[in-house]
Amino acid sequence: MGKYAVVKSSETKESITLVFSGGTLEEIADKTALFLAARGYHLESGSKTQGMYVKGSAAARAFVGALSKRAKFNVTVGKDDPNVAVVIAKGMSGMSGGFLGMAQMGKELGSLSAGLQSAILS
């Protein structure tokens with residue numbers, strides 16, 4: 001393992017992109033997967049380098065709306081020579097939870113951005 005550094009980051013309302021130097025694709029993908037698992041997410045489909053991570057229940061979200069904690073994100077870890085880029089994009093709008101649900105998704109995306117940087121750099 002090398003000494004990691006964030007060389008570039010960008011954020012939109014729908015996604016975040018973090019570009020890291022000092023690590024391999026596999027190392028960054030593993031650290032990303034461990035970070036998401038620690039936050040309660042599980043890999044619903046795909047792989048660590050191209051997958052959908054989910055937490056919470058779709059049935060509960062449909063039944064109680066924003067009171068149910070549900071989030072879904074598409075995660076891509078790929079080469080950005082010579083660096084490694086991690087893209088986390090919303091996999092749902094949060095609309096089933098109304099305006100509160102949409103706000104929760106935006107807040108969660110921002111939280112993932114800060115937390116992932118800390119997890120990989122530590």
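All of these numbers come straight from a predicted model, not from anything done at the bench.
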_Taking every non-hydrogen atom, the tightest pair across Ser9 and Leu18_ = CB-CD2, 3.5 Å
*List the atom of Gly110, the atom of Glu11, and the distance in Å for their closest heavy-atom pair.*
CA-OE2, 4.1 Å
*asked:* Could you check whether any side-chain heavy atom of Lys72 comes within less than 4.5 Å of a side-chain heavy atom of Tyr41, counting everything from C-beta outward?
replied: no
*Could you tell me the separation between the CG atom of Leu43 and the OH atom of Tyr53, rounded to the nearest 0.5 Å?*
4.5 Å
*Return yes if some donor-acceptor pair links the side-chain N/O of Lys90 with the main-chain N/O of Ala71 below 3.5 Å, else return no.*
no
*Any chance you could lay out the side-chain contact (heavy atoms from CB on, under 4.5 Å) test for Val19 and Val84, step after step, and finish with the verdict?*
CA-CA 6 Å; Val19 180; Val84 177; over 6 Å; no
*With sequence neighbours left out, what residues match Ser21 under side-chain hydrogen bond (donor to acceptor under 3.5 Å, both in side chains)?*
none
*Is there a path of hydrophobic side-chain contacts, each under 4.5 Å between heavy atoms of I, L, V, M, F, W or Y residues, that connects Val86 with Leu121?*
yes
*Connected-component partners of Val87 among ILVMFWY, side-chain separation under 4.5 Å*: none
_side-chain contact (heavy atoms from CB on, under 4.5 Å) between Leu36 and Leu112, intermediate numbers included_ = CA-CA 8 Å; Leu36 290 168; Leu112 289 178; 3.9 Å; yes
*State, with a plain yes or no, whether a side-chain heavy atom of Thr49 is found less than 4.5 Å away from one of Thr76.*
no
*How far does CD1 of Ile120 sit from NZ of Lys31, to the nearest 0.5 angstrom?*
7.0 Å
*Just by modelled atom types, is the Ser47 backbone N or O under 3.5 Å from a matching donor or acceptor in the Gln50 side chain?*
no
*Is Thr32 reaching over with its side chain to a backbone N or O of Ile28, donor-acceptor style, under 3.5 angstrom?*
yes
*asked:* Using only atom types and a distance under 3.5 Å, with no angle test, would you say the side chain of Ser15 pairs donor to acceptor with the backbone of Thr12?
replied: no
*Using modelled atom types only, decide if a donor and an acceptor are shared between the side chain of His42 and the backbone of Lys55 within a distance under 3.5 Å.*
no
_Residue pairs involving residues 33-52 (criterion salt bridge (charged side-chain N to carboxylate O under 4.0 Å, His left out); sequence neighbours excluded)_ = Asp30-Lys48, Arg39-Glu108
*Give a yes or no on this: more than 12 heavy atoms of other residues, nucleotides or ligands lie within 6.0 Å of atom NZ of Lys79.*
yes
*Report yes or no: do Met52 and Phe35 belong to one cluster of Ile/Leu/Val/Met/Phe/Trp/Tyr joined by side chain heavy-atom distances under 4.5 Å?*
no
*Distance, nearest 0.5 Å, that separates CG of Leu116 from CD1 of Ile88*: 5.0 Å
_Contact summary for Glu14 and Leu109, nearest pair of heavy atoms_ = C-CD2, 3.8 Å
*To the nearest 0.5 angstrom, please state how far the CG atom of Asp80 sits from the NZ atom of Lys8.*
5.0 Å
*So, do Phe20 and Asn83 sit near enough that their side-chain heavy atoms are less than 4.5 Å apart?*
no
